Amino acid sequence: MANSVFISNVLPAQARQLIPSDVKVEYNDTDQPLAKAELVKRLQGKNGLICHIISTIDDEVLGSAPGLKVVSNVAVGYNNIDVAAARQRGIVVTNTPDVLTETTADFAFTLLMAAARRVVEADRYARSGQWKAWKWDLLWGADIYGKTLGVVGFGRIGRAVARRGLGFGMRVLYYDTVRADAAAERELNARAVDMDTLLRESDFVTLHTLLSPETRHLINERTLRTMKKTAILVNAARGPVVDEAALVRALSEKWIAGAGLDVFEEEPKIHSGLLSLDNVTLAPHIASASGETRVAMATLAVRNCLAVLDGKPALTPVS
Ligand code: GLV
């Protein structure tokens with residue numbers, strides 16, 4: 001019987017065109033998340049699912065499609081999928097690492113710089129008509145060059161951010177449950193430290209962990225109070241790694257100086273306390289959103305799906 005794939009949300013034509021004509025494709029060309037009942041309905045009879053992080057693929061969804069062989073996520077993070085349940089059902093889960101590493105690191109560094117140098121506030125001020133004369137003490141920010149960068153999660157993206165830090169003459173500290181090999185530490189001039197040392201010593205703390213029960217609210221009242229008062233927090237990983245209510249207090253009461261956030265606890269909702277603060281730069285989960293990278297992610301997701309349907313190993317399975 002012919003293979004059949006459900007693409008649950010919008011995907012670039014360049015990627016969809018890779019699917020051979022003998023594979024039946026059902027395509028939902030919107031970027032709205034499908035309700036669970038609709039997702040289940042449209043998954044009937046499919047062997048492959050290509051989805052984004054807005055689709056929650058739990059055991060019930062997985063169990064509703066007996067022929068399903070592969071769930072191909074168009075993202076590096078996969079906390080939207082119950083990977084253990086998929087494994088138990090013999091369904092392969094894939095993600096899109098590598099292709100988005102540099103683009104995501106670029107954006108994490110963009111947030112870091114925007115927060116440190118108050119770019120969004122400066123833009124608002126310049127447009128507002130308030131700028132009447134050059135002012136000595138206008139919008140002072142923090143230096144980036146020569147400061148200490150603390151990278152939490154020293155995987156591909158964390159290391160790519162560390163590399164950017166090197167270009168700015170930064171001292172790099174990292175915290176990870178797995179120690180990097182000596183060559184990587186040497187290349188990035190990075191020192192492994194425990195989490196509290198990283199928090200105490202870093203001028204910038206940038207988060208690059210997966211979301212798991214261990215990393216949920218890793219940044220909380222206690223850890224925020226451990227950071228320097230002058231520190232800036234960057235999160236381009238997953239929203240729930242940060243306790244958003246605690247961060248609002250930290251930013252309002254100046255336990256830390258600022259933050260740059262691309263991700264939020266209950267996307268697309270943003271904690272109302274953040275919206276009124278000037279010392280936080282906000283973005284709507286766009287760290288991997290360059291044209292080139294989004295097409296590369298979609299292409300890899302399609303290739304992963306097709307490989308499994310062809311009985312071959314996935315290119316980038318979730319381990
Ligand atoms: C985006 O958030 C991703 O995980 O790729």
Side-chain angles (χ1 to χ4, degrees), residues 7-12 14-15 31-33 49-58 70-84 86 92-112 151-161 164 176 206-219 233-242 244 259-270 274 281-305 314-319:
I7 304 175
S8 64
N9 283 107
V10 67
L11 206 70
Q14 294 101 305
D31 52 14
Q32 296 305 306
L49 169 63
I50 300 173
C51 61
H52 295 283
I53 54 170
I54 54 173
S55 295
T56 301
I57 312 299
D58 61 14
V70 53
V71 176
S72 176
N73 214 32
V74 194
V76 66
Y78 45 83
N79 52 292
N80 55 312
I81 302 170
D82 187 337
V83 176
V92 177
V93 177
T94 68
N95 66 342
T96 61
D98 299 317
V99 292
L100 48 58
T101 298
E102 301 300 335
T103 304
T104 304
D106 278 351
F107 196 73
F109 218 83
T110 300
L111 283 175
L112 181 157
V151 182
V152 179
F154 208 53
R156 299 176 188 87
I157 299 172
R159 291 176 195 204
V161 173
R164 283 155 179 74
D176 200 303
T206 185
L207 306 177
H208 302 289
T209 60
L210 284 174
L211 175 61
S212 69
E214 292 73 37
T215 62
R216 181 175 294 273
H217 287 191
L218 184 67
I219 300 298
L233 175 72
V234 174
N235 189 7
R238 283 291 182 266
V241 176
V242 176
E244 228 162 70
L261 306 175
D262 185 47
V263 288
F264 302 90
E265 273 203 83
E266 291 177 38
E267 293 176 15
K269 223 173 89 198
I270 299 181
L274 290 172
T281 301
L282 306 172
H285 203 148
I286 56 166
S288 66
S290 72
E292 301 96 311
T293 290
R294 283 285 161 92
V295 169
M297 291 165 68
T299 302
L300 177 55
V302 168
R303 288 193 200 284
N304 269 321
C305 180
L315 284 77
T316 52
V318 166
S319 56

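We count ligands from 1, going down the list as the structure has it; atoms in each ligand are counted the same way. Since the model is a prediction, treat every value here as computed from it, not as a measurement.
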Heavy-atom side-chain contact between R238 and L207 under 4.5 Å: no
N/O donor-acceptor pair under 3.5 Å between N304 side chain and T316 backbone: yes
Short N or O separations between ligand 1 and the protein, below 3.5 Å:
{"unit_1": "ligand 1", "atom_1": "2 (O)", "unit_2": "R238", "atom_2": "NH1", "d": "2.8"}
{"unit_1": "ligand 1", "atom_1": "2 (O)", "unit_2": "R238", "atom_2": "NH2", "d": "3.4"}
{"unit_1": "ligand 1", "atom_1": "2 (O)", "unit_2": "H285", "atom_2": "NE2", "d": "2.6"}
{"unit_1": "ligand 1", "atom_1": "4 (O)", "unit_2": "V76", "atom_2": "N", "d": "3.3"}
{"unit_1": "ligand 1", "atom_1": "4 (O)", "unit_2": "G77", "atom_2": "N", "d": "2.8"}
{"unit_1": "ligand 1", "atom_1": "4 (O)", "unit_2": "R238", "atom_2": "NH1", "d": "3.4"}
{"unit_1": "ligand 1", "atom_1": "4 (O)", "unit_2": "R238", "atom_2": "NH2", "d": "2.7"}
{"unit_1": "ligand 1", "atom_1": "5 (O)", "unit_2": "V76", "atom_2": "N", "d": "2.8"}

Heavy-atom donor-acceptor pair, D262 side chain to I286 backbone, under 3.5 Å: yes
Separation between CZ of R303 and OG1 of T94, rounded to the nearest 0.5 Å: 13.0 Å
Sidechain-backbone polar pair: N9 side chain, Q32 backbone, donor-acceptor under 3.5 Å: yes
For the student: nearest non-hydrogen atoms of I50 and V74, plus distance: CG2-CG2, 3.8 Å
